[in-house]
Amino acid sequence: MPHELPKTYEPGAIESRWAEYWVREKLFHVETPPAENKRPVFTLLLPPPNVTGRLHMGHMLNQTQMDIVVRWHRMRGYVALWLPGTDHAGIATQMMVERQLAKEGKNRGAMGREKFIERVWEWRREYGGAILDQMKRLGASVDWRREYFTMDDNLSRAVKEVFVRLYEDGLIYRGKYIVNWCSDCGTAISDLEVKHEDVPGKLYEIRYPVVDGKASSRDEDKNKDDFIIVATTRPETMLGDTAVAVNPTDERYSHLHGKHVLLPLMNREIPIITDELAQPEFGTGAVKVTPAHDPNDFEAGLRHNLPQIEVIDEHSKMNANAGPYAGLDRFAARARIVEDLAAQGFLVGTKDYTIALAKCDRSGTIVEPRLSTQWFVKIAPLARRAIEVVEKGYIRFTPENYGQIYLNWMRNIHDWCISRQLWWGHRIPAWYCTEKDCNEVVVAREAPAACKCGGTHLEQDRDVLDTWFSSGLLPFTTLGWPEATRDLEVFYPNSLMITGFDILFFWVARMIMLGCWFMMPPHKPGKHGPSDEEALRASVPFREVYIHALVRDADRQKMSKTKGNVLDPIEVIGQYGTDATRFTLAAMAAPGTDIAFSESRTAGYRNFANKIWNAARFMFMNVDRVAGGLRPAPDPADLHPQKGVARFHTQTLEDRWILSRFNRAARDVNESLHTYRFDEAANRIYDFFWGELCDWYLELIKPRLNLEAGADTAAAQAACANLVNLFEAALRLLHPVMPFITEEIWHAIYDGKPPLKSIALAAYPTADDRQIDLAAETDMAILQDLIVSVRNLRAELKVEPKVKVPIEVFAHEPAIRSMLEQNLRTILLDRPANVEKITFVENSLANRTGARSTSRFDVHANYEKKIDVAAERERLTKELEKIEKQLTGAQARLSDDNFLTKAPTHVVEGLRKQVEESSVLSEKLLAKLRELGENT
RNA sequence: GGGCGGUUAGCUCAGUUGGUUAGAGCGCCUGCCUUACAAGCAGGAGGUCGCAGGUUCGAGUCCUGCACUGCCCACCA
């Protein structure tokens, strides 16, 4: 029988089977909704993993959260589109293939561009799907039919379109500026790809002799004002100095204005200029100016028309301009230069100095600020809108503080260098006329046939675009832009973006800038003044951004290959199952803190899955045995519109109680998911399923299910039906977090013939307030107290586990007494507390040995064994102390007028009630302590 | 140089707009293979919530300062 589950829970087998099933059955394919669509729409774009990537814990966290949100929306009746794809990852992929070539003894230079690119495509065909295959194993409910790759034809066309439009709007320009140059990658990189690292270094003070122009007299050279001292951390760049700057307000140097210095080693005369660049407080107040190798100096150079002398080449070696140092690596040159300066008496001092060293994020190579002709995006106009939409709340961040971080960054943004000296990527759609003296640049969607000068030889720019340029367009290009598609109309803006902080600026910020620019209809070149708020609101790429935490190892260390502490999600899954791993990530995803991923935690959630598994086995066992194969009628009407528990018979207290608890759980879980509190949602389900359903409800219905004991078939069948219906609803509640085990058991409930193809298509439970039963919860709490009290007594009295004890119960409040009388049947307490007979008595049992008391009842176990009086007295004393302390505090507050007038009523009332109960209890404890004293 | 976060049980972390007795998992101790589950059941120990002030009838929660710690941003030599 299909519903007969194997005895042991083995996630591996179940999970791969359903993962395949979901893909094969195309369960998550989303048709473009028709014009008359009334269903709400939910759109989510998968942050495309690098095509070279392997799944890591960060991906898994990210995807787990996305899958939870998407499954939840789908079950709530949304048209839920989750769009998957991969990123061509320019540098990463190119390097990967180059390494492969190197092993074959080839290199791309010899191969040529065309062949190399063909080779990259081959690589991609062969290995590029790996990470998405891994995703399938995670159960990601994406629409695979819509899978994209950033180099697809349609996306590439859109990239060109964007480039051309931005160029036509004057927002893309080409020019020779200082860029971050990575000599290892052989390309310019953007500011974001540079990471600064504080390292100990040296600050060199160098004496530049002053000469008074060409007509300097030798006499003056002997004065002590004959030199000016500059400080630098990079002495090798001095070879390219074209000025020394002093601050115009710095009186120490006013007599030198307009004079020149003789550049040591190079013997080149360079002017002393006055510029804000030099800050009087720093060092000597004089700074060397190297326009070709420093961004600040570059600007100063423009202000003063200084020549730009490059001395370091693209391989970070000194070039011909470096005279005797030509050919040396920049650091070798530094050493030699310092040596030579010292030898010639120019080196005044060397100080220890902490340097914020700029390194290439990818290769770790020290980045060289280098003069280079590149393409840039003029970012200010785009940033303006991107700031506006966040300030106005058209895009909301969770956690909120990321909105501020985003704004700070966006307000200080610099132009974006978008050209890369690579082969793999979107080639820049610009052509240069090769005719002599024609410097025409043509930016066009297609290769132009001829230049306006008449020349027909046009060469396309050799560079490609920054990968983030194309991924920044994905929220609309994946939906068919620049065509005005129905998809675009329905699915844009995306509802949500879930991603990590690490790509907030790289990607999220760029998507917002580009989305708000291109999706602001109608597109008016050059006009971006205040316009229709609705249009602006509708232009955002997504309405909300959820930033998730970083997954660290159990010791809070960042996972990194070099540290060797990287956890492979596939291995973790292999060991504990995808469901348990997903649950761990969800349960630990409290906002604001990183996740210290602990396997012991995962093992705990594997145990939770096992608990569910066994509870299901218990259910099926009873369905077959007791109820003769009873199954819930698979009425589809009960499933999709049905939000809660279908046809539940509230015959007993525990029935009413569990139904109430289920509704509370459903309410809480929905609320938590609304605010992306995955941790709360997961923990809430855990507590309900294990702590209430399994620990209490299952135990309490066992007597009814046990035919041999009572043979009430009708009651047994009702109990069984309740269990099945409750379980079914609980599975739906859990499904977004643990999709596999819930799918497996759900199908089993329907004997393999479910009314829908998947639990993922069933309705998500919502709370029905009418089923929340406060009275049942209160009564049940008393009953639970009583059972726990009996268990405590058994432990105290050291009753052998197998021995059943008779108990006596006293309750002074008639209502509670009658409630207990109604619900406390021996059979009910048999299993939970091993009780064999219950007698209600008329007098308090509080002072009896072998009794326990709460403010509502006393319970006494009839058992011969002597108790450990000393231990009992200690326990009672401790408890009494605690209660007395509370009582004193509470009474003090209740007699304080200030408290009584200022505190809200419910707090005062609550406290009064507490005092009442504590008083009763403390008297009972006292009575018992007296009794104990007399007995010893 | 700016900005942000963290500090609660042995470990990893929750703790809503301040409100009655600060929770969980793992670990630990005791007893149980009770016919769903030893990946389990029952019971138990363990916290002056980083420190010092302040606001308040009331502070783990709000404010100020300090200490320790982590992260991000930054073209200053």
Side-chain angles (χ1 to χ4, degrees), chain A residues 5 7-9 178 191 196 203-204 230-234 245 277-279 282-284 286-290 294-299 353 356 358 369 399 401-402 404-405 408-409 412 414 501-502 504-505 550 554-556 558 576 587-588 590 592-598 600-601 603-622 675 677 679-680 683 686-687 694-695 698-699 702 788 791-792 794-796 798 800-802 831-834 882-883 885-886 889-890 893 896-904 906-915 918:
Chain A
L5 302 177
K7 185 150 180 148
T8 35
Y9 164 62
I178 297 276
D191 294 347
H196 295 269
L203 186 66
Y204 301 94
V230 299
T232 181
T233 56
R234 304 202 49 202
L277 175 71
Q279 292 181 6
F282 188 92
T284 59
V287 59
K288 61 193 263 320
V289 183
T290 323
D294 181 281
N296 288 318
D297 294 5
F298 174 80
E299 296 294 332
Y353 194 75
N401 61 320
Y402 285 110
Q404 206 49 51
I405 294 174
N408 287 341
W409 183 81
N412 295 304
H414 299 289
F501 174 76
D502 53 335
L504 178 60
F505 306 137
L550 192 69
D555 300 321
R556 312 208 108 267
K558 217 168 178 168
Y576 304 102
M588 297 186 79
T593 47
D594 288 341
I595 294 176
F597 190 89
S598 86
S600 67
R601 206 68 191 256
Y605 293 124
R606 187 266 325 267
N607 297 354
F608 175 54
N610 186 56
K611 188 76 181 174
I612 295 168
W613 186 260
N614 280 295
R617 287 182 53 235
F618 171 79
M619 169 175 69
F620 290 131
M621 192 185 87
N622 283 290
T675 48
R677 291 301 303 263
D679 57 325
E680 287 182 354
N683 287 319
Y686 183 97
D687 289 341
C694 291
D695 285 351
L698 288 189
E699 293 305 322
K702 276 178 181 174
V788 170
R791 287 172 181 163
N792 279 319
R794 293 183 59 97
E796 260 166 47
K798 304 222 163 42
E800 280 83 9
K802 293 204 173 87
R831 278 162 187 279
N834 224 359
K882 202 170 138 193
I883 299 244
K885 203 174 149 193
Q886 268 173 40
R893 268 189 287 168
D896 181 353
D897 279 344
N898 241 331
F899 173 72
L900 292 177
T901 48
K902 288 182 182 170
H906 75 273
V907 172
V908 177
E909 285 311 307
L911 206 58
R912 285 222 169 93
K913 208 167 174 185
Q914 188 209 321
V915 166
S918 300

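Given the structure is predicted, the values throughout are model-derived calculations rather than measurements. All chains are named by letter (A, B, ...) in the order of the sequence lines, taking the proteins before the strands, and each is independently numbered beginning at 1.
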### Query
Listed by chain and number, what are the side-chain contact (heavy atoms from CB on, under 4.5 Å) partners of A/His196, not counting sequence neighbours?
A/Val194, A/Ala356, A/Ala358
#### Entry: Atom P, compared across B/A39 and B/G27: separation rounded to whole Å
11 Å
### Message
Output the rounded distance in Å from CE (A/Met588) to P (B/G23).
### Response
21 Å
### Query
Going from CZ on A/Phe298 to CG on A/Leu277, what distance comes out if it is rounded to the nearest 0.5 angstrom?
13.5 Å
### Query
Closest heavy-atom contact between A/Ser918 and A/Ile883?
O-CG2, 3.7 Å
### Query
A/Tyr353 has an atom OH; how far is it from atom C1' of B/C76, in whole Å?
8 Å
### Message
If I take atom CD in residue A/Gln404 and atom C1' in nucleotide B/C4, what distance separates them, rounded to the nearest angstrom?
### Response
11 Å
### Query
Counting any heavy atom closer than 4.0 Å, what does A/Leu277 reach on the DNA or RNA strands: base, sugar-phosphate only, or nothing?
base
### Message
If I pick the P atom on B/U16 and the same atom on B/A22, what distance separates them, to the nearest angstrom?
### Response
15 Å
### Interatomic distance, A/Glu680 CD vs B/U16 C1' [rounded to whole Å]
7 Å
### Task
Looking at every strand, decide which applies to A/Arg677 at a 4.0 Å heavy-atom threshold: base, sugar-phosphate, or nothing.
sugar-phosphate
### Task
Do nucleotides 25-39 of chain B as a string where each nucleotide becomes B, S or -: B if the base has a protein heavy atom under 4.0 Å, S if just the sugar-phosphate does, - if no protein is that close.
SS------S--BB-B
### Task
Test A/Phe505 against A/Ile405 for side-chain contact (heavy atoms from CB on, under 4.5 Å), laying out the working first.
CA-CA 10 Å; A/Phe505 306 137; A/Ile405 294 174; 3.8 Å; yes
### Message
When the C1' atoms of B/C66 and B/C73 are compared, how many Å lie between them, rounded to an integer?
### Response
25 Å
### Query
Where the side chain of A/Asn792 meets the backbone of A/Val788, is there a donor-acceptor pair that is under 3.5 Å apart?
yes
#### Entry: Euclidean distance for C1', B/G46 against B/A9 (whole angstrom)
6 Å
### Taking every non-hydrogen atom, the tightest pair across A/Tyr576 and A/Arg606
O-CG, 3.4 Å
### Query
Taking the C1' atom of each, how far is B/G47 from B/C4, in whole Å?
29 Å
Filtered N/O pairs between nucleotides 17-22 of chain B and protein, under 3.5 Å:
| residue | atom | partner | partner atom | Å |
| --- | --- | --- | --- | --- |
| B/U20 | O2' | A/Gln914 | OE1 | 3.0 |
| B/U20 | O2 | A/Gly910 | O | 2.9 |
| B/U20 | O2 | A/Leu911 | N | 3.4 |
| B/U20 | O2 | A/Gln914 | OE1 | 3.4 |
| B/U21 | O4' | A/Gln886 | NE2 | 3.4 |

### Task
Apply side chain to side chain donor-acceptor pair (under 3.5 Å) to A/Arg617 and list each qualifying residue two or more places apart in sequence or on a separate chain.
A/Asn614
### Task
Could you check if a side-chain atom of A/Met588 sits within less than 4.5 angstrom of a side-chain atom of A/Tyr605, using non-hydrogen atoms only?
no
### Atom pair distance, as rounded to whole Å: CG in A/Asp191 and P in B/A74
7 Å
### Query
Considering only heavy atoms from C-beta outward, does the side chain of A/Val287 approach that of A/Val230 to under 4.5 Å?
no
### Query
Centre of A/Tyr686's six-membered ring, under 6.0 Å away, within 45 degrees of the axis: is that where NZ or CZ of A/Lys611 sits?
no
### Distance, C1' atom - from B/U12 to B/U48, rounded to whole angstrom
23 Å
#### Entry: Consecutive-pair stems (3 or more, Watson-Crick or G-U, under 3.5 Å) for RNA chain B
B:1-7 with B:67-73, B:10-13 with B:23-26, B:28-32 with B:40-44, B:50-54 with B:62-66
### Task
Please report, rounded to the nearest Å, how far the P atom of B/C73 is from the CG atom of A/Asn412.
13 Å
### Query
Taking atom C1' of B/C76 as reference, at what distance in whole Å does atom CD1 of A/Ile178 sit?
15 Å
## Note on the structure
Of all heavy-atom pairs linking A/Leu900 and A/Val908, the shortest is CD2-CG1, 3.8 Å
### Query
Do A/Val907 and A/Phe899 come close enough that some side-chain heavy atom pair is under 4.5 Å?
yes
#### Entry: Inter-nucleotide C1' distance (B/U61, B/U7), Å rounded
15 Å
### A/Phe298 CZ to B/C76 C1', straight-line distance once rounded to whole Å
17 Å
Quick test: give all pairs of protein nitrogen or oxygen and nucleotides 44-49 of chain B nitrogen or oxygen below 3.5 Å, distance rounded to 0.1 Å.
| residue | atom | partner | partner atom | Å |
| --- | --- | --- | --- | --- |
| B/G44 | OP1 | A/Asn792 | OD1 | 3.4 |

### Summary
By nearest-heavy-atom nucleotide on RNA chain B, the more 5' of A/Phe608 and A/Trp409 is A/Phe608
### Query
If you take all heavy atoms of A/Asp679 and A/Arg677, which pair is closest and at what distance?
OD2-NH2, 2.9 Å
### Task
Verify ring-ring contact (aromatic ring centres under 6.0 Å, His included) between A/Phe501 and A/Tyr402, making sure each step is shown before the conclusion.
CA-CA 9 Å; A/Phe501 174 76; A/Tyr402 285 110; 5.4 Å; yes
### Rounded P spacing from B/G58 to B/G2 in Å
37 Å
### Query
Which heavy atom of A/Arg234 sits nearest a heavy atom of A/Lys288, and at what distance?
O-NZ, 4.3 Å
